[in-house]
Amino acid sequence: MSFTIFEKSSKGRSGINIPKSSVSKIKRLDTNLLRDNKANLPEVSEFDVVRHYTKLSNKNFSIDANFYPLGSCTMKYNPKIQERVAGLDGFSNLHPNHITNNQTHLIQGALSSLKTLENTLCEITGMNAFTLTPQAGAHGEMVGIMMIGAYHKKKGNKKRYVIVPDSSHGTNPATASMVGYDVITVKSGLNGDMDLDAFKNAMSDEVAAVMMTVPNTLGLFNPEIKQICDIAHSYDALMYYDGANMNAILGVLRPGDIGFDVIHLNLHKTFATPHGGGGPGAGPVGVGKKLKEYLPDLRVDFNEKRGYFFKEVNQNSIGKISPFFGNYIVLIKSLVYMQTLGREGMINTSKKAVLNANYILAKLKTHLKAPFADTLCMHECVFSAEELTKKYGVRAMDIAKYLIDFGLHAPTVYFPLIIQEAIMIEPTETENIDTIDYFCKKMIDAVELAKLDSKAFKEFPKTLPISRPDETKAARNLNIRWKD
Ligand SMILES: *Cc1c(COP(=O)(O)O)cnc(C)c1O
């Protein structure tokens, strides 16, 4: 079987059939504009091309085709109505240069959608205002920490540190460091939550912010979170909420109500827009009263006289952080998702996401060690393959590779870093019990096979052209060029 389209090439074969031109040739291109060598394109028929790309598309693993239980990444079904609406001419064919106030009369509908989205996000999170322009979670984090920096600078506060728990997503310390802070990492206690005494010891007048993910990356809700906010505020440190995965608390808890000053959301996780492979995403950032004046540029406002228009930038704003209006179409898709579900629908989303994760925890914890199995989890659950590794040499990665052959995307492995041989599973609310049961069965089969025939494991996956690449080399020396 030929694999690349070049192997299908046959001299003289063509996919186009254009009638002879009746117009006479005009002057040839200048020779300095011509290429030195032939382009060496494959000579194939139209059918060859269609089959080639259809086959390639089937090699992609996607949420539309398979279960994708990636913890801390929320890969859920994306309702097709989002694509339909976002694809409407009035949204998808807008010219980006309309974002000036002398053009806003042409885009009132688009602006009203953005204002509705901002209001909805404020309602969901209990925050005061949102910027919609950051283009990813990590980008939102940077915006949030930059605003915190601007706040302290204006007050004349001398701040050096940002506190993160050791279970945090890597983007948290990376962001703090990029913005110029030193990072203090606070360890987790035996219950998986940030150790309160260790946190108190780390706090000082020099702490600018505390970045928390709630529930954290172990899928646990910290019951001391309100107290942590109060302690931080007593030092005039601001509370940052990493809201990348809001599936667990949507419609149940509002971070603004418990004292958080700033939050980023990953619309491309919680609010169902397709993601993976590097984008595109949207990471809106919401703020409470303390940070409102620092919000980045391009925010939409409304009054009876002017209709929708772009707000005057506040002189304390951190400036513009995205070209045009960020990933505008992603914003529209998420708004459609929220409006399709409505209030009740969103509350049910969290309830079902949490139920599904607990169902998996309950089903698998007798087969695989679950470090925090005696409490309920939230939207995701974490297991450890450490015992299988010690006894049989089978690692979390081996289980991940095994699942691939059964049409399942691997869960997140080796994260959070504080759990040895971690396997982190987030089923989301969109999967039904049959799919989840099938996944659990394959996980249990994997554990059983580890005990019976651990060597067999090293051969999985058997169904793909590439089985076990050297992952470091694949990342560092990636070469995907086809050569003759
Ligand atoms: C995904 C994620 C991020 C980063 O979001 P990106 O859009 O990938 O930049 C940050 N924090 C947590 C907890 C996440 O799960």
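Just so it is clear, the values below take in all heavy atoms, side chains as well, and ignore hydrogens, waters and symmetry mates. Note that ligands are numbered from 1 as they come in the structure, with each ligand's atoms numbered from 1 the same way.
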Mind running ring-ring contact (aromatic ring centres under 6.0 Å, His included) on Y181 and Y161 for me, showing each step along the way? CA-CA 5 Å; Y181 290 104; Y161 301 108; 9.0 Å; no

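Scanning for side chain to side chain donor-acceptor pair (under 3.5 Å) contacts around T428 gives T430, with sequence neighbours left out.
Between the side chain of N245 and the main chain of N247, no donor-acceptor pair closer than 3.5 Å is present. Under the 3.5 Å distance criterion, the side-chain polar atoms of S234 are matched with a main-chain donor or acceptor of I231.
Taking the centre and axis of the six-membered ring of F406, the NZ or CZ atom of K442 falls inside the cone set by 45° and 6.0 Å.
Contact shell of ligand 1 (protein heavy atoms, cutoff 4.0 Å): S72, A136, G137, A138, E141, H169, T171, D242, A244, N245, N266, H268, K269.
Atoms OG and NZ, from S317 and K311 in turn, are 12.0 Å apart once rounded to the nearest 0.5 Å.
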